Amino acid sequence: MRGCVVERTFKRHEVRKSYELGGLWQFSVTRGEKEETRQVAVPSCWETYPGFEDYRGIAKYETKVNLSGNVRIAFKGVSHQAKVYLDKNLVGEHNNGYTPFDVIIKGVKPGEHTLSVEVDNSFNEESALYIPNDHKVYGGITRPVILEKIPNTYIKWVHFTPFKEDHKWHGKVEIALCNISEVTQTIKVEVELGKNHYVFYEGEIQKGEVKLKKDLVFEGVEAYELENPMLYFLKVNLGFVGDINQSTMQGTIKKQCTEYIDDLIERIGFREISIKGNEILFNDKPLKIKGFNRHEDHALFGSAIPYEAMVYDLNLIEDMGANAIRTSHYPNDERFLDLCDEKGILIWEEAHARGLSEAQMKHKNFKEQSLACIKEMIENHYNHPSIFMWGILNECASHTEYGHMCYMEQLEKIQKLDVTRPTTFASCHYNEDICLGLPDVVSMNIYPGWYHNVPIKAYCDKVREWVQTTHGEGKPYIVSEIGAGAIYGYHTMSKAKWSEEKQRDLLKEQLEAVLSNEEIVGVFIWQFSDCKVAEEEFATRPKCQNNKGVVDEYRRPKLAYEIVKEIYHKY
Ligand code: ADA
């Protein structure tokens, strides 16, 4: 099932025709009276085009494409507001560059058509989640675009929920089908995994969307373990059941047959996540998290990190002995999640939000845009076995009553969409947070020795002890951010602030303080690599970067790299 890595690290179809709309597109921007046009690669960030390093506004991407019949065009990430046109007709819109969306166009006239995407990366009054932040917001079609031909009834998504019963692995299989024709179709759905083959459904499907659900037993499969990440392809085939005229010796007879018209291949792992007291269990074994926070940000590529550079990051992360990554602070590229599935690296995936005040959470579009991001994140990423927890609203107003209402609403939304994974949010409101009773796991961002000149171990213990005096008492507890800054290449004997020596020494003390505490599930270092930040708000940061990376923006290791490696391999 291997194919060249485009949308995912595995082939998603054998029946449906699916292509990447990559290569060079025409990029154009009108600045003042002048229209500037050039050929650019998709996916990419326009900040990597000379002359557009700091462009914030609207741009247009355009390409010619041969189409006919029903087509589905899937955009894996357009940052951050998109309007999609086919031959100048608006066929789709989407908010948020961190979640996928698709446009379905029925009955396209065969021939060459013009597909164009108007992209806006500005901070504007319509966008509640995109504010000048401590990570840069890029512009462009930053993740792959996939073109597919679809039949009148096609498979929209497949969700697989593994569970163990009577020492056997079962799976709840949910299949969403869409009949975009005007007539009822007679179909047959088959499910295949390894030597397991089931007829899942036979019958009629009305116009519109239908969800089919069934629990199935799967023989001959092994558990997905972090040290042995066994992955299986779950193939769903959709057949159109109709009559064909078959000529025989006795003349022509009508014969019912199934012609496969669509399919979808998902990749899954048999594992269960649970909570027992203050522990998170992975297949009944307690987890000890040794993680990194990682932004999708790279000096050469912006947020459109190519597959090979993702692999490079994970090589370093594994080399340092880390076993978990927090997708701070938004849903990640599916190819990165695929790689973590394959490597057995745990993922805390987070819906998009960072540091919103109560007033910003009262934005007219905050609720709609936040809940949409959660829905799209879970609907698209549900099957990744590496995702062990969902997070929301990093360092937002969880110390206010209004914030409490928002956190509760969003955590309830997650629990409706996925009852199998714990929830959390990273709080910075030590001594003030009033929401710790809401999530399954309590997570605190703390920076002893960097932002607060305090004894590090004592501070780490004090924060955790305070959590035990709140509604977060007895819950699994994670230090979701801890770290220190260093400018790559800045060395001093005096271990001055911003030197690599200072960062190394602070991280050593911070990691020992956290990982030596048996009561703490684990830690996510802030952060894996340096990343660009918004000049509008964070110009005080040296190099206009968040410099707390253990490697710099080009992935060059700082002195802290070796100390993290020593400590992560020790625990
Ligand atoms: C916060 C925030 C991070 C980053 C960090 C820092 O904890 O969650 O995104 O901004 O502070 O470097 O100060």
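Everything quoted here is computed from the prediction, not taken from an experiment. Atoms within each ligand, like the ligands themselves, are counted from 1 in listed order. Residue indices begin at 1 and follow the sequence shown.
Within the structure, ring pair (Phe, Tyr, Trp, His ring centres under 6.0 Å) contacts touching residues 533-563 (residues at least two apart or in different chains) do not occur. Pairs of residues two or more places apart, or lying in two chains, never qualify as ring pair (Phe, Tyr, Trp, His ring centres under 6.0 Å) while including a residue from residues 354-374.
Relative ring orientation between Tyr382 and His159 is described as parallel, the plane-to-plane angle staying below 30° on a 0-90° scale split at 30° and 60°.
Looking at residues two or more places apart in sequence or on another chain, you find a ring-ring contact (aromatic ring centres under 6.0 Å, His included) between Phe528 and Phe292.
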Test ring pair (Phe, Tyr, Trp, His ring centres under 6.0 Å) applied to His295 and Trp526, step by step: CA-CA 10 Å; His295 267 301; Trp526 186 274; 5.5 Å; yes
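The protein residues lying under 4.0 angstrom from ligand 1, judged by non-hydrogen atoms, are Asp134, His329, Arg354, Asn394, Glu395, Asn445, Tyr447, Tyr451, Glu481, Trp526, Arg541, Asn546, Lys548.
With hydrogens and angles disregarded, a donor-acceptor distance shorter than 3.5 Å links the side chain of Thr492 to the backbone of Ala496.
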